[in-house]
2 protein chains.
Amino acid sequence: MNLGSLKPFFEPHLLSEIDRFGIVKQVKKGDILIDIGEQIQFIPLIIEGAVKVLREDASGDEILLYFVDFGNTCAMTLNCCMENTPSEIRAVCEADTSLIMIPATYMDSWLAKYKSWRIFIFDNFQGRLNELLKAVDSLTFLKLDERLERYINEKAELQKNKKLNITHLEIATDLNSSRVVISRLLKKMEKDGLLLLGRNTIQILN
Amino acid sequence: MNLGSLKPFFEPHLLSEIDRFGIVKQVKKGDILIDIGEQIQFIPLIIEGAVKVLREDASGDEILLYFVDFGNTCAMTLNCCMENTPSEIRAVCEADTSLIMIPATYMDSWLAKYKSWRIFIFDNFQGRLNELLKAVDSLTFLKLDERLERYINEKAELQKNKKLNITHLEIATDLNSSRVVISRLLKKMEKDGLLLLGRNTIQILN
DNA sequence: CAGGCCATGTAACAATTGTTACAGCTATTG
DNA sequence: CAATAGCTGTAACAATTGTTACATGGCCTG
């Protein structure tokens, strides 16, 4: 396993443990990595690619919570590992993704043994709590057009490309809105010179 | 310090450390325990009472995130301690509250030494993440009348009393709505036989 | 007990978001 | 190349939530 990219995060001894016990996994764009209600036995550590984490209610409506990318893991998952509770969220791959699956059993013992692991875990909790806070902020304080703008910009940043390949329906699903509303708002943004719309594409100007 | 109530949570040696290094603090109803932007040096462990945690945006609008009560601490605070970043939230006492302030310096060393501390910390992260998830769920999937109903019931449960002393304006602030809207919805709930309204009081029926 | 502040009730209206319906266009597939 | 499925544009309308304005009545304070 090539752990070079993880070197800055972990002390050498921990790296060798990750090398010994971690299982590398490749997941394709669109695949569901973790689903709601699943028992989680492994902590996924993202090496390449990105994952989107979302929440669903009883009637099947969705809301995007946040994205997770390189060097991070999903704090929700951490908890589920520690407590052995079923997953509260769904994780879907945004792009082809490689990850190291670390058996949940090491979670606790590494916390006692490695300071770098504690830092890693806490940084991730911090990150996830902040992402959730950001989600609450958006839902509370922003109107849909502002949420949409934020969403589009985040997507572009994540994939480092101002041309998005996405449909209005996908956006509507992520924002828990409806396609017609999203189309309407996008059209307005285009008229305002912020975007160029095409079939399956949104080109961010500026 | 009387740590009896904490006995079920922590191993004896840790309890004696808490006894040695923790500082007991009494806070009055309505007092601000932690404010946005503050540096946090202590982990507050709630012994009695309850605290409400809220978020504010640039223009001063608020939203209630969740309540924290006995045996718990605020995961936001944990993070701020670990990372030494300013607080992202405000914590206001719901009732007169006693807490033990644990200097942030012990945070990490106790994690290495005490399994019960690790469990405590992780349980709290779990709890806070779940509360934030619940907040996101409410904001996303519920209409205001449902959020209001949930809010009122939570309040009653927290104070173990079906008669609330609260004004419509306070509710509106917690839910980031406006007083008129809340009055309108409460009136409807009263007409539906769910409540009895009075000046500064809401009596939950059923 | 008069004045003022605060809490509540209500109406009228505005803004935002959601829904339904349908038309036209594009890409794919057989 | 015809058929089909999926994507986008648009209009008309509905529901929800927010805003403004004003009236009433309780309660505290001087």
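Everything numeric here is computed off the predicted structure, so don't read it as measured data. In what follows, every chain begins at residue 1, and chains take the letters A, B, ... in the order their sequences are listed.
At most 12 non-hydrogen atoms from other residues, nucleotides or ligands lie less than 6.0 angstrom from CD of B:Glu48. Heavy-atom contacts from other residues, nucleotides or ligands closer than 6.0 Å to CD of A:Glu157 number 12 or fewer. The neighbour count for B:Glu170 CD, taken as heavy atoms of other residues, nucleotides or ligands under 6.0 Å away, is above 12.
The pair A:Lys29-A:Asp96 does not meet the salt-bridge criterion, since no charged nitrogen lies less than 4.0 angstrom from a carboxylate oxygen. Remark: A:Lys134 engages A:Glu131 in a salt bridge, criterion side-chain N to carboxylate O under 4.0 Å.
Overall, the helix from C:dC1-D:dG30 to C:dG30-D:dC1 carries an axis bend of 30° between its ends, with five pairs at each end and the value rounded to 10°.
In terms of modelled atom types and a separation under 3.5 Å, the side chain of B:Arg55 and the main chain of B:Ile89 share no donor-acceptor contact. A side-chain donor-acceptor contact under 3.5 Å links B:Arg147 to the backbone of B:Leu175.
Between B:Phe9 and B:Phe70, the ring planes are tilted. Angles from 30° to 60° get that label. Ring geometry for B:Phe10 versus B:Trp117: interplanar angle of 30 to 60°, hence tilted.
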Dump the pairs, protein N or O against N or O of nucleotides 5-8 of chain C, anything under 3.5 Å, distances to one decimal.
residue: C:dC6; atom: O2; partner: B:Arg199; partner atom: NH2; Å: 3.3
residue: C:dA7; atom: O4'; partner: B:Arg199; partner atom: NH1; Å: 3.4
residue: C:dT8; atom: OP1; partner: B:Asn200; partner atom: N; Å: 3.1
residue: C:dT8; atom: OP2; partner: B:His168; partner atom: N; Å: 2.8

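The nucleotide range of DNA chain D contacted by chain A, defined by atoms under 4.0 angstrom from heavy atoms of the protein and reported 5' to 3', is D:dG6 to D:dA12.
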Do A:Lys187 and A:Glu190 pass the salt bridge (charged side-chain N to carboxylate O under 4.0 Å, His left out) test, and can you show the C-alpha distance, the side-chain angles, and the key distance before you say yes or no? CA-CA 5 Å; A:Lys187 206 68 202 170; A:Glu190 189 180 40; 2.8 Å; yes

